[in-house]
Amino acid sequence: FSRSNKFIVAPNLSHAMAKSVAAYQCVQVTGYLTAMNMAAEQNGTQCSVGEAFFGELSTLETGSFILNTSNGLYLPASACQELTWICVAPSGVACRHSADLANKSEAMVQHGNRISAIIVPGSAGWLQEAASKMYVPMNHPTTGDALFTKVDPNNPQVAPQPVMMGAAQVQATGGMMIQAPPNVPPGSMLIKEQYKGNQTMILGVVGCLLCGPCGLIVCCLDLDERQVWRAPDGRKFDMFGQPIIE
């Protein structure tokens, strides 16, 4: 997502500081702006009270503005508040790739973690997290117990303690946690690495056909990419917890 065409630099305005995407809600009827400037031309459309959207907060010398990533227009930050939810499920909540309980992801929101999310339009009972765009149910599908509670921006709760990384989890984006297989050693980290795999071998064969034996040099390169669990002692495990022998 590029915002290079969204920053309009006016006199005495410089070095806009932006943060990652978060979920916001309008708290007052406000007209959208075409630039990060209260004197900028209004688009003619308005953000209604209670309207939720994903946005990026930027702070300039003259004030703070939020870019609505769905329409490319701006709102003064004073007209919005961030939507934050805290996970109250004792065992955490598994994320989904869509608003479907069966479409599970490896990511989880752990008990006590906070996420910035909006209620999914047209899919009551679901939240969509701002950074990862993952989905989580708001209530337990059988008991109906609440899995998340909304944080009151006027009376925020004490921030949950950071979750320590260990055998069962690794910190991911937006407060999400990825579960590791049981046999992965404590303290392992999920990393991305290059290795020699099927793609490397295929390209090596193609290189050999096109360039003769010299093309086999491709087989010496690491052209494939994968995620692995790396233990403190240097051992590696695949996403299913099986040791990787190199």
Side-chain angles (χ1 to χ4, degrees), residues 1 19-24 52-56 69-70 82-151 157 159-195 224-232 236-244:
F1 179 76
K19 71 173 187 177
S20 58
V21 177
Y24 294 95
F53 60 94
F54 294 131
E56 294 182 0
T69 58
S70 66
E82 186 172 352
L83 291 171
T84 307
W85 307 76
I86 188 168
C87 179
V88 295
S91 301
V93 179
C95 300
R96 271 70 174 180
H97 294 290
S98 63
D100 181 356
L101 289 172
N103 194 10
K104 276 191 175 182
S105 161
E106 293 179 343
M108 287 193 67
V109 182
Q110 298 294 328
H111 175 77
N113 277 10
R114 297 187 182 196
I115 61 172
S116 184
I118 64 173
I119 297 176
V120 181
S123 297
W126 286 89
L127 294 172
Q128 186 177 23
E129 200 273 329
S132 67
K133 298 301 185 291
M134 289 287 188
Y135 296 79
V136 289
M138 299 175 67
N139 298 88
H140 193 282
T142 55
T143 66
D145 293 339
L147 302 178
F148 291 88
T149 58
K150 187 177 178 182
V151 177
Q157 303 176 32
Q161 294 297 313
V163 181
M164 300 301 294
M165 291 184 290
Q169 57 201 18
V170 62
Q171 186 72 43
T173 184
M176 302 292 182
M177 306 297 290
I178 298 178
Q179 195 77 17
N183 57 322
V184 172
S188 297
M189 298 287 293
L190 186 63
I191 64 171
K192 185 178 292 185
E193 69 170 13
Q194 303 292 125
Y195 75 107
D224 292 79
E225 188 176 85
R226 64 186 175 188
Q227 284 187 310
V228 300
W229 292 96
R230 185 175 63 192
K236 296 178 182 178
F237 298 80
D238 64 21
M239 297 302 291
F240 299 100
Q242 298 301 313
I244 296 175

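All values derive from a computational prediction rather than experimental measurement.
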- Query: Which residues pass the side chain to side chain contact (heavy atoms under 4.5 Å, CB included) test with Arg96, sequence neighbours left out?
  - Reply: Ala94, Leu101, Lys104, Trp126, Tyr135, Pro137
- Value rounded to 0.5 Å, distance of CD in Glu56 from OH in Tyr24: 9.0 Å
- Got a second to check how far Gln110's CD is from Ile115's CD1, nearest 0.5 Å? 12.5 Å
- Item | Partners meeting side chain to side chain donor-acceptor pair (under 3.5 Å) with Ser123 (sequence neighbours left out) | none
- Note on the structure: In short, Pro185 meets Phe237 closest at the heavy-atom pair CD-CE1, 3.4 Å
- Task: For Asp145, enumerate each residue passing the side chain to side chain donor-acceptor pair (under 3.5 Å) test, keeping only those at least two apart in sequence or located in another chain.
- Result: Thr143
- Message: For a quick test of reading the model, state the closest non-hydrogen atom pair linking Val88 to Phe148 and the distance between them.
- Response: CG2-N, 3.9 Å
- Query: So, for Thr69 and Gly55, which heavy atoms are closest and what is the spacing to 0.1 Å?
  - Reply: CG2-CA, 4.2 Å
- For Asn103, check side chain to side chain donor-acceptor pair (under 3.5 Å) against everything at least two apart and list the hits. Ser98
- Of all heavy-atom pairs between Met108 and Gly92, which one has the smallest distance, and what is that distance? CE-C, 3.9 Å
- Message: Give me the atom names and distance for the closest heavy-atom approach of Val93 to Leu147.
- Response: CG2-CB, 3.9 Å
- Return the set of residues passing side chain to side chain donor-acceptor pair (under 3.5 Å) with Ser91 (not counting sequence neighbours), or none when no residue passes. none
- With rounding to the nearest 0.5 Å, note down the distance linking CD1 in Ile244 to CZ in Arg226. 4.0 Å
- Item | Inter-residue atom distance Gln128.CD - Phe54.CZ, 0.5 Å rounding | 4.0 Å
- Query: What's the verdict on side chain to side chain contact (heavy atoms under 4.5 Å, CB included) for Met138 and Ile119, showing C-alpha distance, side-chain angles and the deciding distance?
  - Reply: CA-CA 9 Å; Met138 299 175 67; Ile119 297 176; 4.2 Å; yes
- Message: Which heavy atom of His111 sits nearest to which heavy atom of Pro90, and what is that distance?
- Response: CB-O, 3.8 Å
- Task: Drop me the distance from Ile191's CD1 to Lys236's NZ, to the nearest 0.5 angstrom.
- Result: 5.5 Å
- Message: Could you work out, with side chain to side chain contact (heavy atoms under 4.5 Å, CB included) as the rule, every residue matching Leu83, not counting sequence neighbours?
- Response: Ala23, Gln25, Ala52, Trp85, Ile118, Lys150
